[in-house]
Novice: 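One structure follows; several queries about it will come next.
All values below come from the heavy atoms of this structure, side chains included, with hydrogens, waters and symmetry mates left out.
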Amino acid sequence: MNGAAPPAIAGRRGGRQQRASGGRRSPARPAPVPPPMAAGRRAPPEPGGGGAPVLLQGIFGAGPSPGAAPCSLALTARELQVRRPGGSAGPDTALRLADCVGSAAFPAAAAAACFSLVCYPLRGPRWGSPARQRLERTFRVCLGPDAEGNLRIAQAWSRRIRELSVPAVPTQDGDSYGVLPRPCRALVLLNPQSGAGRAIQDFQVVVQPMLAEADIATTVFVTERPYHAQEKVRDEDLSQWDTLVIMSGDGLLYEVVNGLMERSDWEDAMKKPLCILPGGSGNALAASINHYAGNDHVAKKKLLTNCTFILCKGLHTQMDLVSLSTASGKRLFSFLGFGWGFISDVDIDSEKYRWLGNARFTLGTLQCLAKLRVYQGRLSYLPAVPGQDTSSAPRDPPMPVTNGQPSHVPPPAGTDVPGSLPNDSLLVPLGQPVPAHWTVVPEEEFVSVYAIYQSHLGTNLLMAPAARLHDDCIHLFYLKAGISRVALLKLFLAMARGTHLELNCPHLCYVCVRAFRLEPRAATGIMTVDGEALACEPVQGQIHSRLCRILSGS
């Protein structure tokens, strides 16, 4: 498949808006005309109401057809209240604007006009977690014979609904939030081979209709080979898009991040908000974003719908990255995690079962348990100081200390040129001993080492429940040799609920760090960064706070 976009599905707004979306049909009759009120004028609060002030109110048909039953609408800052005339004091329906992704106005028959809104409220099934389900409501404006006047009123309501549906930008010390513009232009980078190979179909069926409703225009780039996306974002003029959307597993986002960091204007490029839509097997970052947004655990199309909804709302914030340096001179940027040993073995060995989707990891875990390996090496780290506000701390730490004595140690290669990539100021070259204020793990035999910076290791693995997008912390886990297969299996089963630390397993260690170094005794075992394989060699990394931006939903 070439890099051109797949056949686009036209926005369904027009077709959907012509269907009735609520209210029973009644014999044709004209809707009651409310007292005259200019379109868009602030309406007074309803009598006796102790709730939020009413911004707009009116009586319209509950559907696009001429015979639609009338209903009374009241728009507040948080919801659209729908009442039947003569009904109870409370609204029959309240459509939360926090669930609304779009609204439109359009002409209708007989000189009337309509306005509609599309919402994705969370609804709980009889079993399982709540899921977002599409809800469209259309209202008919026919307040007189003037078609242009009716359309102006419909447009005023639609415009106000869109304005109020924009999420409020949080104001928190040290945090930087923003909202995507409307209309919005998105470059979608899509890997057709990721996961079970359904990324294009899922994009067309689930994602593209939602983006059309939210007034997000897409340019789709289908990757043909490894590093295709990395080359695209490295060389492309990105000013034509407001956001970069990755529809794949975590590996494609890894390519995009490193492609952006290879640009000469990387500082500006990294301000472009990124969005992850789950189209792979593990989908760790998508599951983490869903978790940070306060949603219940979901998978597959429910997770895809939740993440697309987050994109439609457009709220983005900062995300930490980790800079990794290897003995062979490579420098990589990671958003998810670095691993060595059992977890990385499962990830890479299960690649041949990619067609199974997320189930590949279950099968891979069982196979790796059967041939459990032990890896020898030295692990060192710089602990994170509890309660320390690192966001305002100087970038350069005190002079490194080697073997207990202060020394002048140059920074790692490629980080000491003015205007170059961020300086790994917490690290000394791999050929030097770690500074004396670092911790060296006494054990040198491990089953697994994993440094993670997000909450989830996979859709069903809540590895670091305390992690956040910009907590300036690497959550370092390591499993010492001697753990039994049964105990290891229990840990991974508990990790599905995020309760593995509650087992108090003596072989499992967890510490929050700002930097780490891993030095294998031999080039054996698999190393991974963000799910992608690396050559087994000494590697070290440090956190870089708030280095990029991500669509977050909270």
Side-chain angles (χ1 to χ4, degrees), residues 1-11 101-102 178-194 199-280 283 285-286 289 304 307-317 319 321 333 335 530 547-553:
M1 182 177 295
N2 58 32
I9 296 178
V101 300
V179 181
L180 293 178
R182 290 296 185 274
C184 178
R185 304 160 301 167
L187 173 62
V188 179
L189 299 117
L190 188 149
N191 179 4
Q193 305 301 324
S194 62
I200 290 179
Q201 180 180 352
D202 287 344
F203 176 77
Q204 293 176 333
V205 173
V206 179
V207 179
Q208 197 165 9
M210 291 181 66
L211 299 188
E213 293 163 346
D215 205 9
I216 299 177
T218 58
T219 302
V220 180
F221 179 81
V222 179
T223 60
E224 301 173 348
R225 60 185 184 277
Y227 306 111
H228 199 184
Q230 186 164 340
E231 297 165 4
K232 174 74 173 177
V233 302
R234 181 191 64 203
D235 303 329
E236 191 69 53
D237 174 14
L238 301 180
S239 63
Q240 55 192 309
W241 296 293
D242 301 305
T243 180
L244 305 181
V245 178
I246 293 83
M247 175 80 180
S248 183
D250 297 304
L252 198 66
L253 180 56
Y254 168 75
E255 286 190 26
V256 169
V257 167
N258 283 276
L260 293 174
M261 294 301 294
E262 290 175 358
R263 297 173 62 101
S264 59
D265 63 342
W266 67 268
E267 289 182 279
D268 289 332
M270 294 303 285
K271 296 175 183 177
K272 186 80 63 178
L274 306 175
C275 176
I276 183 71
L277 298 181
N283 301 314
L285 182 60
I289 295 291
L304 178 57
C307 290
T308 306
F309 176 80
I310 288 172
L311 171 56
C312 290
K313 298 301 288 187
L315 187 66
H316 53 84
T317 189
M319 181 170 71
L321 294 181
F333 289 88
F335 66 89
D530 297 353
L547 197 55
C548 72
R549 302 195 70 83
I550 192 82
L551 270 293
S552 61

Novice: How far does SG of Cys275 sit from CG of Leu187, to the nearest 0.5 angstrom?
Specialist: 12.0 Å
Novice: Distance-only, no hydrogens or angles: does the Arg182 side chain make a donor-acceptor pair with backbone N or O of Asp215 under 3.5 Å?
Specialist: no
Novice: If every non-hydrogen atom of Met247 is compared with every non-hydrogen atom of Phe203, which pair is closest and at what distance?
Specialist: CE-N, 3.8 Å
Novice: A side-chain contact here means heavy atoms from C-beta on lying under 4.5 Å apart; do Phe335 and Asp250 qualify?
Specialist: yes
Novice: Heavy atoms, side chains only, cut-off 4.5 Å: are Met261 and Leu547 in contact?
Specialist: yes
Novice: Which heavy-atom pair separates Ser194 from Gly249 by the least distance, and what is that distance?
Specialist: CB-N, 4.1 Å
Novice: To the nearest 0.5 Å, how far apart are CD in Glu255 and CG in Asp530?
Specialist: 11.0 Å
Novice: Might you point out which heavy atoms bring Gly178 and Arg549 nearest each other, and give the distance in Å?
Specialist: N-NH2, 3.8 Å
Novice: Taking the side chain as everything from C-beta on, heavy atoms only, tell me whether Thr308 gets closer than 4.5 Å to Leu277.
Specialist: yes
Novice: Per the side-chain contact (heavy atoms from CB on, under 4.5 Å) rule, which among Val220, Leu274, Val233, Leu253 passes with Leu189?
Specialist: Val233
Novice: State, yes or no, whether a side-chain contact exists between Glu236 and Trp241 at a heavy-atom distance under 4.5 Å.
Specialist: yes
Novice: From Ile276 CD1 over to Leu311 CG, what is the distance, rounded to the nearest 0.5 angstrom?
Specialist: 11.5 Å
Novice: Which atom names give the shortest non-hydrogen contact between Leu304 and Asp202, and what distance separates them?
Specialist: CD2-CB, 3.8 Å
Novice: Keeping Lys272 on the side-chain end and Leu238 on the backbone end, is there a donor-acceptor pair under 3.5 Å?
Specialist: yes
Novice: Just so I know, are the side chains of Leu321 and Met270 near enough to count as touching, which here means a heavy-atom distance under 4.5 Å?
Specialist: yes
Novice: Taking atom CG of Leu260 and atom CZ of Arg234, what is their separation to the nearest 0.5 Å?
Specialist: 11.5 Å
Novice: Can you give me the closest heavy-atom contact between Asn191 and Ser248, atom names plus distance?
Specialist: CB-OG, 3.4 Å
Novice: Quick check: closest heavy atoms across Pro192 and Thr223, and the distance to 0.1 Å?
Specialist: CD-O, 3.5 Å
Novice: Taking the side chain as C-beta and beyond, is there a heavy-atom pair between Leu285 and Met319 under 4.5 Å?
Specialist: yes
Novice: Is it the case that the side chain of Thr243 and the backbone of Ala186 share a donor-acceptor pair, with hydrogens and angles ignored and the cut-off at 3.5 Å?
Specialist: no
Novice: For the OG atom of Ser239 and the CG atom of Asp237, what is their distance to the nearest 0.5 Å?
Specialist: 3.5 Å
Novice: What I'd like to find out is whether the side chain of His316 reaches to under 4.5 Å of the side chain of Leu180, using heavy atoms alone.
Specialist: yes
Novice: Just verifying a value: how many Å separate Ser552 OG and Ile310 CD1, rounded to the nearest 0.5 Å?
Specialist: 7.5 Å
